[in-house]
Structures are given as C-alpha cells and as structure tokens.
Amino acid sequence: MNQLENRYLKAKRALFIKAYSQKLNPEQSRAVFTTEGPLLVLAGAGSGKTTVLVNRIAFIIKYGDAYFSDAVPDFTTEADVLALENAINMTPSEISQILPEFIHRPCPPWQVLAITFTNKAAREIKERLSRTFDDATVTDAIWAGTFHSVCMRILRKYGERLGYRDGFSIYDTDDQKRLITICMKELSIDEKRLAPKAVANAISRAKDRLITPDEFEITHDPRTRDILKVYKLYEKKLMEYNAVDFDDIIMKTVELLTCDAEVREYYQSKFKYVLVDEYQDTNHAQFVLTELLSGKHRNIMVVGDDDQSIYRFRGATVENILNFDKTYPDSTVIKLEQNYRSTENILNAANAVIGHNDDRHAKRLWCDKGEGEKIVLREAYDQHDEGRYIIDKINRAVSNEGRKYSDFAILYRVNELARSLETSFTKSGVPYRVLGATRFYDRKEIKDVVAYLSVVSSPFDNLRLKRIINEPKRKIGAATVEAVEEIANLEGTSMYSVLSRAYEYTALAKSADKLSDFVRMIEKIKSEHTLPSEIMSALFTETGYEAMLKAEGFEGEGKIDNVKEFISAAIEYEKRCEEVDALPTLSGFLEEISLISDVDKYDEGADAVVLMTIHAAKGLEFPVVFLAGMEDGIFPSQQNMADPAEMSEERRLAYVAITRAKEKLYITYAKNRTMYGRTNYGILSSFVREEIPTTLIMRDMPRREPPRSAATNHYTRPTPPTYRREYLSELNRPSEILRPTVQKSKASSFGVEQLPVGTRVNHTAFGDGEILNAKEMGGDVLYEVKFDTGVTKRLMATFAKLRKI
DNA sequence: GGGCGTACACTTTTT
DNA sequence: GTGTACGCCC
C-alpha cells in the first residue's frame, strides 16, 4: 500500500468516527463501525446495547463496508486526500456533507438480518430505524424479527420441501403436552411413572440440541427408553397432523438449511450482515442457525451479556457467548461497561452479587450518575404486611415526590407471589397490572377459537379437531371420536377426511348425521369467507359457541368479550396487512398470535404499577423497583440451592433484577409466608445477607412488630396520601374525579358520597365498567365494579380514582 | 355421553 | 389455596 492510500484510509477513519459517533462513546462507536467479520459485543446491563444495534444497522445500510474495507477508490488523488485531512476540523454537519461523496457503498436493506428473542425488542429496533430512514420501504425490507418469526418466514416459503403442507399449525407448550399424553396412552406408558411434562421437557431439550430420535441416547436410566418411544411417535404424529412445535420452528429450519443446498445458498447469499441480540440466551440449535445464515459472508455480530443468561432451564447455553472468540479466532471483541441506567449504589450491589460467580467474562459496570439513594431493605411480618408496605411507599411517592404509578415495578422470582400482592393492590385501589399470570391466548375460549381456525386452515390438524369436535356439545362422544381416529390411522388419512365421508363407514353409522353436519358447517364457513375476522365471526355464531357462552350467564359474558377482543385483533392484523400491501391470511394471523407473548403487549403508556417475574422484566427498566419475596428458598429457589451451576443462574437472575432499577431499589422479605396453603418461616436471601455490602443498604424498620392484625386478611388503611393539585392536572383529566377528598373521608361519621349501582365509571388501569355494588366500609365506600374487559374488581373509593362517564 | 366429585400438583417460560 | 384432570356413576 502506498503512502497516499495509507493517508487516505487514516483520514477516512478519523472522519467517520468524528462524523458518526457524536452520540456514542468510543466502545459503542467501535461496535458500530466494525461491520466486517465476526464481532462479539459484551454489553452490560443498561450499556446502550440497542443503540449500538440500531446505529450499526443504519450505518451498514447507508455506508456498507466502505469504511473498513481497504479498498481505495481509483480516483484518489493527492487533492482528495488533502480534502479529507482538512475536513477533520469541520463541524460534523459539514463533514457529513463531504463524506457521502467520497465513500458511498450502501448495502441494500434486504441483505441485513437482525434476530432478537422478543417481538418487543424487534419492534423497538424497527421503530428506531424508521426514525433514521424516512423511506418506510427501507425499514420494511430489513429482516428484523425473533428467532421464531424469522424461521417461520423461511418455513412458510420452503417448508413443503420438508413435507409440510399449506397452513401448517404451530403447537404451543400446552398442545405439545396434550399430544405427548396421547402418545403415551397409545404406547401404554404409565403417566404415574413418567410424567408427560418430564417427557415434553426431555424432547424439547433434545430438539434444542438438534438431536433427532435416531440420535437420541438411551442411558442406563430405563425411562430414556420410554422417552425415545414417545419422541418417535410424537414426531410421526406432528408430521401427520401437519404441525410444528416451538422447538421444531428452529430445528426444522436448521434441517432445511443443512440438507437443501439450494435454500442454504439462497439465504447465505442474501444475508450479508447478520446481527443477533441477547446471544447469551441462545441454545445450540439457534447457535447453528446463526452459523448457517451467516456462513457465506461471515459478517456476524452477536450482542449479549453472559451475566444476564437466565434461560438455562430452557436449553440456553452460555457457552455460546463465552466461546464466541474461540469459535471465531479472527473475531473482534468489544466490551460495553458504561451503564447509563442506574445509580452507583444500585450498580455496586449488582456488581457485588454477580462477582460471586466465576466462569464469566470479567467486566465491571460503572456510571457517572453519582451514588444515588441507598437500597432500602424491609423485613415484613408476612406477605400481607409486605404488600401493604409496598403500596404505602408507592402512595407516598406518588403524593409527595410527583411519581407516577407507572414509575414502579414489583419483581419477584415466582408467579405465586403475584397472588397475595394482587390481593393487596385490589384492596388499595392503586392501579396495577400483572404480567404473565393468565395469558390472553391461554384462555380456554381463545384456544377453542384458535382450534376451530386451525381446522379451517389445515384439515390435517387432528389435535385441534379433537379439541372442538364436541365443544359446544354436539353429542359426539369419546367412543365416536376414537372410532374416527382408528379409521384415519388405518387409512393413513386425516380424521377430517374420515368425517367428510362418515356415511361410508358402518362403524360410524349411528353418529354419521352429526359428523356430516359438523363438516358441512366448517365447509360452508370456508366457502363463504376469506378474511380471518369474518371466518372468526361466522365460526363463533354458527358453531353455537356463542350460544353456549351466553347460556353460561355471568362468566360466559366475560368469555364472549374475550372472543370479541380476539376478533378485533384479527381486524387489526388485516389492517396492518393492508398497510404493507400484503394479503391477510388465516395462517398468517394464526402464526402471529402463536408467536406473541405477554411482555410484548406490555403497554408503557398506561399509568399503573406493573407486577411481573424477573424473567419477564429482562430488557425493561423502571425508576423504582421493588424486589419482593427476597427469602432463602424463594430466591434463590429451594430446588436450586444445592447445585452450584443452578446457583450461578439464580445469581444472574438477581443481577438482572437489581439492574432494572434506575433510581431506587427496595428489597422486601417476609418472616412468615403462606404459599400453596402452607406457612413457612423465611430468612433474608443469602444474596442480600452475604453478598450486598451493608454500606449500600438502609434497613427500614417497622414501627411496631408484629403489626396488629397482620396475620388476618384485615384491611388497614394506609396513611391517607395528600393529593397535590398538580397531580390532578397532570393526569389531564378534565372531568370530576369521583373520590372523596381526604378531609371528607376523615370525617367518616358524615359518610361519603356514594355512587348509585349501575353508574358507568372509568378506572386508570382497568378501563370502563359498571358499578355492581356499593357498600360503606369504615367511612369509605367499597365498590364492586364489573369492567368491560370481563373482570370484576372490588375497589375502595378513596384510592381507586373512579371517574364517572 | 354427560355431569359431578375427588385427587394432585405447584419454579422460572423471550417463542 | 386454587385450578385442572380423570374416574365413576347415572
């Protein structure tokens, strides 16, 4: 390389860094500009990982590999180089005017693939990119999606090469367990000796590791023999039913890319740049998948934090991130250690805990935010006392410090803790939402509608057919269904095919009318409608499902509302398709709803406290975090306390929990806790007791102990918060707040204004509803409100800011 | 074939 | 404490 070329490259690099890294720190800039070759970015919690991902994609699309390629344009002259060298003194905007003229080698957006774990993360990347590119077609062309959605896109296109037929179904863990139970029955394997759940888990772990039934190892444990038998039959049935489970979505895509050279070549050429988020949580199958997809150009960038690997129980292997530099000896490794989220006290606590783990990439988070407040530790008498304490702290901060309810998150190790917390919240009237407790798509009525849709979409789906063939009751009993299944097995056809020819079989003579009616009904709906929402509406009424729910009365009404909400989700899906000029299809809609989770729907806009597990909170941040149930046996979990590898994972989970907090962290634990109907005595978690330095902690002592009536479920009013004027205006709520003023409620002997039964009201968290019942209680009013979402809540007037509509 | 009563299970769960 | 799954009986 001659002198001129050297100067050219040097000047170019300096300029790019100056022009494009204004908002980035030096490590972040390096990660953005290192576009070529394998790159590992170790991004600590809150270190601006998404910023790097988004900027890097934008940089690649705008400038491609120009910057780091050693190519020097032919036209480079002494004058060009001088111009570049002089440009270093220019302002960034002046530079950006000059640069594109010199070096401009954009990468087409469809050559970029960004893989995340959650839809939320994918959506965030797309949203931030759309702010960079005015042209929506650019953002739409980038493949940014979850592992599963990316693979489904490939499978929908080439799945037929593996034997899948149009409209194949996606089985969730519930369907998977059902099918495994069916297989075990067929194989006469005793469910008492071998739990279907354990088999499901074993098969999932095998698929995570790309182990086919042929490669499945039988150990000295006799149960592995049975597991293998089930695995084989399960696979056979999945194929027959034209269905994949969640693990198949990855595994079958790997199989396709491995075995089909044409498909592999197509995608390997297509994806010039591959970016993988949350790499520490990838399993072996996902590791191989990313290897395959990036195999040709080798421009693979992985971002992650080995300290935040918390899905080992689902097959994630931290080794993928720990060994990346060994897998790719020519890789670049960049560490992001500056944290932009939390204060020093919080970070030091997190660092202290995670420091007890070995076998990790050494790194230490730092920040320039200052010490901040100490971590508040509170011992509660029991779970009710714990709930009251948390609510009291929230109410005080909302009244006195100008906090919003949405500034608070309550995190816990197990969903079970949400139960008692929810009771406390309902009584207090503080708006709250529980994430992940009962998932919308896990509701029976929704799953039934999905089953109907699956039958319409794919006639081979026997599992879903069996779910709804007699729901609502059509007098088609288990014996008939079994006979149909047997015929289908003998003929090698689907049950639906047998149903459509029911009169041909003497064995079905008695029920042939009913079976034919069923098929005729499905076929009629199929022929009359094409839009998912129309099919759903037709199914809902014509199958008699709606009538069945109506007959259920009160509870059925809620279910009807849920189905209607589900239908509106389909309408929204159709609208979205229209926007991008795509055809709305039933299988497309079914795919979308199969691959969506609760956290994806977490709406940061609503002003309500959010309750969720630590797992669900990963990737999120909150000004104030309460870490509840911090007792040995709960966190760390009893089951994991003996195993060092599991303890490391618990510790990483604690690290994730602590680093969610931006300004203030509360840790609470209860001396007595009733769980699953049993009361246990608890002591403070060893993570706090032994690992967080006491200098970072301030103990908040209860005023008296034990609190009066703490053991009973009695409601004790928290200190009445004084609401500031500004608070009301902040909420931008012009209409009257239907809450007695503090003065009024103190003067309880005069009673409080009580809304008549039947009044329509609005609640910040639960939406609109109707008052079912109103009862005076201790100078306050306890309302029972049925919300339009179907839930009925009991709320105290003083705290539930109900607004008359 | 449907309804009711009694066991039993119950970490975490991005998809 | 609560939800679900299965078995028994009508």
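Contact check on A:D461 versus A:R464 returns a salt bridge, with a Lys/Arg side-chain nitrogen under 4.0 Å from an Asp/Glu carboxylate oxygen. Between A:D172 and A:K447 there is a salt bridge, with a side-chain nitrogen of the basic residue lying less than 4.0 Å from a carboxylate oxygen of the acidic one. For the pair A:E621 and A:R341, the salt-bridge criterion is met [side-chain N within less than 4.0 Å of a carboxylate O]. Using a 4.0 Å cut-off between a side-chain N of Lys or Arg and a carboxylate O of Asp or Glu, A:D174 and A:K177 do not qualify as a salt bridge.
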Under 3.5 Å, sequence neighbours excluded: what are the donor-acceptor pairs made by side chains of residues 640-648 of chain A?
unit_1	atom_1	unit_2	atom_2	d
A:N640	ND2	A:E650	OE2	2.7
A:D643	OD1	A:A645	N	2.9
A:E646	OE2	A:R312	NH2	3.1
A:S648	OG	A:P644	O	3.3

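Note: CG (A:N415) to C1' (B:dT13) measures 9 Å, nearest angstrom. With rounding to whole Å, A:K177 atom NZ is found 11 Å from C:dT4 atom P. Taking atom CZ on A:R467 and atom P on C:dT4, their separation rounds to 11 Å, with Å as the unit. A:K49 has its NZ atom 11 Å from the C1' atom of B:dT14, to the nearest Å. The distance between atom OH of A:Y412 and atom P of B:dT13, rounded to the nearest whole Å, is 9 Å. When rounded to the nearest whole Å, the span between NE2 of A:H615 and C1' of B:dT12 equals 4 Å. Spacing between atom CD1 of A:I614 and atom C1' of B:dT11 amounts to 11 Å, rounded to whole angstrom units. Going from atom CD of A:E278 over to atom P of B:dT13 covers 15 Å, rounded to whole Å.
Considering only side-chain N and O atoms, A:N470 lies under 4.0 angstrom from the phosphate OP1 or OP2 of B:dG2. Not one side-chain nitrogen or oxygen of A:T613 sits closer than 4.0 Å to the OP1 or OP2 atom of B:dT11.
Across every non-hydrogen atom of A:N320 and A:Y279, the tightest pair is O-CE2, 3.3 Å.
For A:K185, the side-chain atoms get nearest to C:dC6 when compared with the rest of B:dG1, B:dT11, C:dC6. Residue A:K475 places its side chain closer to B:dG2 than to any other of B:dG2, C:dC6, B:dT13. Counting only heavy atoms from C-beta on, A:R413 has its side chain closest to B:dT11 among B:dT13, B:dT14, B:dT11.
Checked options A:I249, A:I250, A:N283, A:D245; the residue passing with A:K207 is A:D245 (criterion: side-chain contact (heavy atoms from CB on, under 4.5 Å)).
Among the atoms of the strands shown, none is found under 4.0 Å from any heavy atom of A:R678. At a threshold of 4.0 angstrom between heavy atoms, the contacts of A:D247 with the nucleic acid are absent. Among the protein residues, A:T116 comes within range of no part of the nucleic acid, since none of its heavy atoms lies under 4.0 Å from any strand.
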Query raised in the report: For nucleotides 4-10 of chain B, read 5' to 3', which letter fits each nucleotide if B means a protein heavy atom sits under 4.0 Å from the base, S means only the sugar-phosphate is that close, and - means neither?
Result: ------B
Report task. Check step by step if side chain to side chain donor-acceptor pair (under 3.5 Å) holds for A:T668 and A:E386. Result -> CA-CA 7 Å; A:T668 62; A:E386 184 182 41; 2.7 Å; yes
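Ring pair A:H615/A:F313 is perpendicular by interplanar angle, where above 60° counts as perpendicular and below 30° as parallel.
Shown for residues 307-317 of chain A: residues whose heavy atoms fall under 4.0 angstrom of DNA chain B, namely A:Y311, A:F313, A:R314.
Figure legend: cation-pi geometry between A:R156 and A:Y164 absent, as NZ or CZ is not positioned both under 6.0 Å from the six-membered ring centre and within 45° of its axis.
Checking A:T282 against A:E650, the closest nucleotide of DNA chain B that is more toward the 5' end is the one next to A:E650. Heavy-atom nearest nucleotides on DNA chain B were determined for A:K473 and for A:S637, and the one closer to the 5' end corresponds to A:K473.
By the rule that a glycosidic angle within 90° of 0 means syn, B:dT11 counts as syn.
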